[in-house]
Amino acid sequence: MEKKKVILDVDTGSDDAVAILCALAAPELDVLGICTVAGNKGLDFTTDNTLRVVDLAKSNVPVYRGCREPMVCTLNKNRHGGFDGHRTRKDENGNEAEYHKDHLDIPAATSTIQPEHAVFYYIDTLMKSEGDITLIPVGPLTNIAMAMRIEPEICKKIKEIVLMGGGCRQTNCSPAAEFNIWIDPEAAKIVMDSGVPVTIVPLDATHKACTTAEEAQEMRSWGTKVGTAVAELVDERILAYRLAQPMENLYSAPIHDALAVCAVIDRSVLKDVVHTHVDIDIGGGLSDGQTVVDPRYYPDEPINCYFAFNADRDKFNKMMMDYLRTYKD
Ligand code: RIB
Ligand code: CA
């Protein structure tokens, strides 16, 4: 089986961590590099967390630090009102669960980042490539958009972008937007207008693929460092979601980013996929960062992506757990 060449772009983050572990374990993928970006946390935290995960996986995949700020949206101080996009709440006992901690509860990293900036790593790697690399961004799209702006020729060299982000009937950080897009709407628009084949794995799909407390307990039962670490992350996410964004099963939570990775390996984990036009609201108003999905059979604008409105929960979670189970201490 020929491995698919991929580059991950992450804002690690609890679900990013699971996505990285799945990608590094998957025999179907050749992870060429992992790029970090500010998003869930500041760049230094997301980069440190990424190194921690790569070390936990006993991998030597190179990590490249990327952009510390979104392209332009923070220049307008009124645009996001200082809100960081992550709402958490306290439970009846005053416990406050976070979706993402500054430092993941896994051992400090011993590996270090590569000297090249992620944006130039993308340009160098893609321009030298045979056009056979898939990008899997699961955080804000700042790095990829900046690379496209600096060297537009890379758009002809990207095989596909499979991104976790956006939402049509599901949002999270505002009534209209999903976090990865909302943090850097201009970057998302550059990617959507680039002409590169794009598959969007949005909240409409990830919220239908939630991982349960029972599945977390099964991971813990393996007695491995990876199993235990991911079980802890999932349990923390379940509490945070139960308090702030309750899912249909109150004792489950979406592991958004891992679904994007599994979709690159087996597209059938995505369901109700439409081929349509998606634009990004960069107007800075109430719907800033919205992924505007054209529902019409004949959109006005050229079709530019596949958008998944559903997912196969059981197939996805089986894939994820099968990959995680392969890690031995
Ligand atoms: O909205 C969910 C996305 O935002 C996930 O990628 C999560 O890690 C956060 O980055
Ligand atoms: Ca993420």
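Each ligand, and each atom within it, is numbered from 1 in the order the structure gives. Computed from a predicted model, the values in this text were never measured in an experiment. Basis for what follows: all heavy atoms, side chains included, without hydrogens, waters or symmetry-related copies.
- Taking the charged nitrogens against the carboxylate oxygens, Asp11 and Lys41 have no contact shorter than 4.0 Å, which rules out a salt bridge.
- For atom 9 (C) of ligand 1, the nearest protein heavy atom (residue, atom name, distance) is Asn40 OD1, 3.1 Å.
- With respect to the salt-bridge test (charged N to carboxylate O, under 4.0 angstrom), the residues Lys208 and Asp312 do not qualify.
- Taking every non-hydrogen atom of Val138 and a distance limit under 4.0 Å, the qualifying atoms of ligand 1 come out as 6 (O), 10 (O).
- Close contacts between ligand 1 and Asn172 involve ligand atoms 1 (O), 2 (C) [criterion: under 4.0 Å to a heavy atom].
- The distance cut-off of 3.0 Å around the Ca ion (ligand 2) captures these protein N, O or S atoms, sorted by chain and number: Asp11 OD1, Asp16 OD1, Asp16 OD2, Val138 O, Asp257 OD2.
- Between the side chains of Thr199 and Glu160, at least one donor N or O sits under 3.5 Å from an acceptor N or O.
- Within the listing of ligand 1, atoms 8 (O) sit less than 4.0 angstrom from a heavy atom of Asp16.
- For Thr206, no heavy-atom contact with ligand 1 is shorter than 4.0 Å.
- Checked for salt-bridge contact, Asp30 and Lys4 miss the test: no charged N lies under 4.0 Å from a carboxylate O.
- Remark: minimum distance from atom 1 (O) of ligand 1 to any protein heavy atom is reached at Glu178 OE2, 2.5 Å.
- Against a heavy-atom cut-off of under 4.0 Å, His100 is close to the following atoms of ligand 1: 8 (O).
- Between Arg325 and Asp322, at least one side-chain nitrogen of the basic residue sits less than 4.0 Å from a carboxylate oxygen of the acidic one, meeting the salt-bridge criterion.
- Of the protein's non-hydrogen atoms, the one nearest atom 6 (O) of ligand 1 is Asp257 OD1, 2.6 Å.
- Ring planes of Tyr241 and His256: tilted class, angle from 30 to 60°.
- Between Tyr121 and Gln114 the shortest side-chain heavy-atom distance does not fall below 4.5 Å.
- Among pairs with a residue in residues 221-230, none fulfils side chain to side chain donor-acceptor pair (under 3.5 Å), at least two apart in sequence or across chains.
- Distances between N or O atoms of Met164 and those of ligand 1 include no value under 3.5 Å.
- Ionic pairing of Glu130 and Lys157 is not present here: no N-O contact between side-chain nitrogen and carboxylate oxygen is shorter than 4.0 angstrom.
- A donor-acceptor contact closer than 3.5 angstrom is absent between the side chains of Tyr122 and Glu116.
- For the pair Ser14/Glu236, no side-chain contact is recorded, criterion being any heavy-atom separation below 4.5 Å from C-beta on.
- With respect to atom 8 (O) of ligand 1, the closest heavy atom belonging to the protein is Asp15 OD1, 2.6 Å.
- Side chain of Thr171 to backbone of Gly167: no donor-acceptor contact under 3.5 angstrom is found.
- Close contacts of ligand 1 with His256, meaning ligand atoms under 4.0 Å from a residue heavy atom, involve 2 (C).
- The protein non-hydrogen atom at the shortest distance from atom 4 (O) of ligand 1 is Asn180 OD1, 3.2 Å.
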